[in-house]
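Fair warning: this is a prediction, and the values are worked out from it, not measured in the lab. All values below were derived from every heavy atom in this structure, side-chain atoms included, with hydrogens, water molecules and symmetry-related copies excluded.
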Amino acid sequence: MTLNVVSFLFFLLPVSVSAHGFLGSVSIDGKTYQGNIPGGTTNPSVIRQVSTIDPIKGATNPSLNCGMNATMASDVANANPGSQVLVNWVGGSTGGSQWPHNVGPIMHYMTKCSGSCSSFDSTSAEWFKISELALETSNTWYQADLEAGKPATVTIPSNIEPGDYLLRSEVISLQLAVSVGGAEFYAACIQMTIGGSGTGAPQSNEVCQLPGCYSDNDPGIYTPNIYNPPITYTFPSPPVAGFVNGSMSSGSGSGYATPSSPAATGSPTPSAVGTKASSVSAPSSSTSPSPVANVASTSTPSAGSQTCKQAVKRGANPQPHKRRSARWRH
């Protein structure tokens with residue numbers, strides 16, 4: 001059944017501060033690192049602090065890099081190839097509520113720091129994608145897991161070369177993306193040092209700068225048919241780097257790598273539901289890390305391709321959990 005766009009937009013008009021959010025905490029191989037309240041007191045953390053819970057608007061906004069006016073964090077987490085990272089997005093000005101959105105993709109990028117990431121200026125960094133999630137069914141997005149209080153899970157590539165990296169988590173909310181410039185971007189960066197002896201790195205055409213990866217007119221960012229399921233969704237920006245799925249061991253050549261496992265890479269052929277293009281899933285357990293380190297401070301909000309196919313969760317002993325159809329919220 002075709003849904004009326006005007007009716008949905010009318011429903012979305014009352015927008016409150018609680019309808020936004022931020023990255024509250026991250027767990028790496030079981031060790032949890034708390035983030036800071038946006039615009040609040042700065043405590044030691046591995047997560048770069050943002051100034052507000054408001055979304056980033058516009059694909060050329062400088063804050064698309066690591067979040068709204070993000071500042072470098074003082075600490076660096078330890079990780080290894082294959083490390084499991086739980087990314088806990090929370091809602092409200094202090095992180096006291098669950099993530100408020102359920103429409104749009106979840107993507108993760110990495111970039112290598114020159115020296116310690118605690119002093120690395122990522123303004124001109126070149127990012128490569130390691131995971132992407134969109135629709136699980138024709139009307140249910142993986143982002144609905146965040147709304148249900150579950151963290152997203154991303155795996156550090158098993159063949160990645162050692163060094164200092166930023167892991168960038170991004171959630172794009174598409175409720176208002178029926179018009180150009182309506183997409184709402186939420187980004188956050190986690191500072192880490194990765195050990196091991198891998199050689200994996202992206203190809204030269206698998207990287208891009210942020211901003212620079214996207215355009216407001218790109219499919220997947222401008223989605224005029226978002227309220228007319230079944231939805232055809234195309235991920236923005238370059239594909240998941242080939243080495244992530246084991247097809248290449250080092251990067252310097254040209255041409256897209258072709259992952260050895262099924263993935264949404266290469267020339268797009270749109271379909272109705274979303275694909276997970278690497279080893280990412282949302283855990284079945286509803287238990288998630290506590291949101292933030294500083295709950296006393298508050299912030300003042302400011303004004304601020306490849307294509308999806310049927311998504312299949314992968315990983316060792318996956319535990320299914322009940323899904324809800326997306327409730328279109330702002």
Using side-chain heavy atoms (C-beta onward) and a distance below 4.5 Å, is [X] in contact with [Y]?
{"X": "Ser122", "Y": "Trp127", "result": "yes"}
{"X": "Lys129", "Y": "Val207", "result": "no"}
{"X": "Gln143", "Y": "Trp99", "result": "yes"}
{"X": "Val50", "Y": "Asn69", "result": "no"}
{"X": "Val26", "Y": "Val85", "result": "yes"}
{"X": "Trp141", "Y": "Asn102", "result": "no"}
{"X": "Leu135", "Y": "Thr140", "result": "no"}
{"X": "Ile156", "Y": "Ile28", "result": "no"}

Can a side-chain donor-acceptor contact be found between Thr32 and Ser27 if the only test is distance below 3.5 angstrom?
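Per modelled atom types, Ser27 and Thr32 side chains form a pair under 3.5 Å.
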
Residue pair Ser83 / Asp29, side-chain donor-acceptor N/O under 3.5 Å:
yes

Run the side-chain hydrogen bond (donor to acceptor under 3.5 Å, both in side chains) test on Ser179 and Tyr222 for me, step by step, so that the C-alpha distance in whole Å, both residues' side-chain angles and the decisive distance to 0.1 Å come before the verdict.
CA-CA 7 Å; Ser179 60; Tyr222 169 47; over 6 Å; no

List the residues meeting side chain to side chain donor-acceptor pair (under 3.5 Å) with Tyr186, not counting sequence neighbours, and say none if there are none.
His20, His101

List the residues meeting side chain to side chain donor-acceptor pair (under 3.5 Å) with Asp75, not counting sequence neighbours, and say none if there are none.
none

Out of the candidates Thr71, Thr41, Thr42, only one should pair with Gln49 under the side chain to side chain donor-acceptor pair (under 3.5 Å) rule; please name it.
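Single pass found, and it is Thr42.
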
Before you tell me yes or no, could you show the steps for Ile190 and Leu23 under side chain to side chain contact (heavy atoms under 4.5 Å, CB included), namely the whole-Å CA-CA distance, both residues' side-chain angles and the distance that decides it to 0.1 Å?
CA-CA 10 Å; Ile190 302 150; Leu23 180 57; 4.0 Å; yes

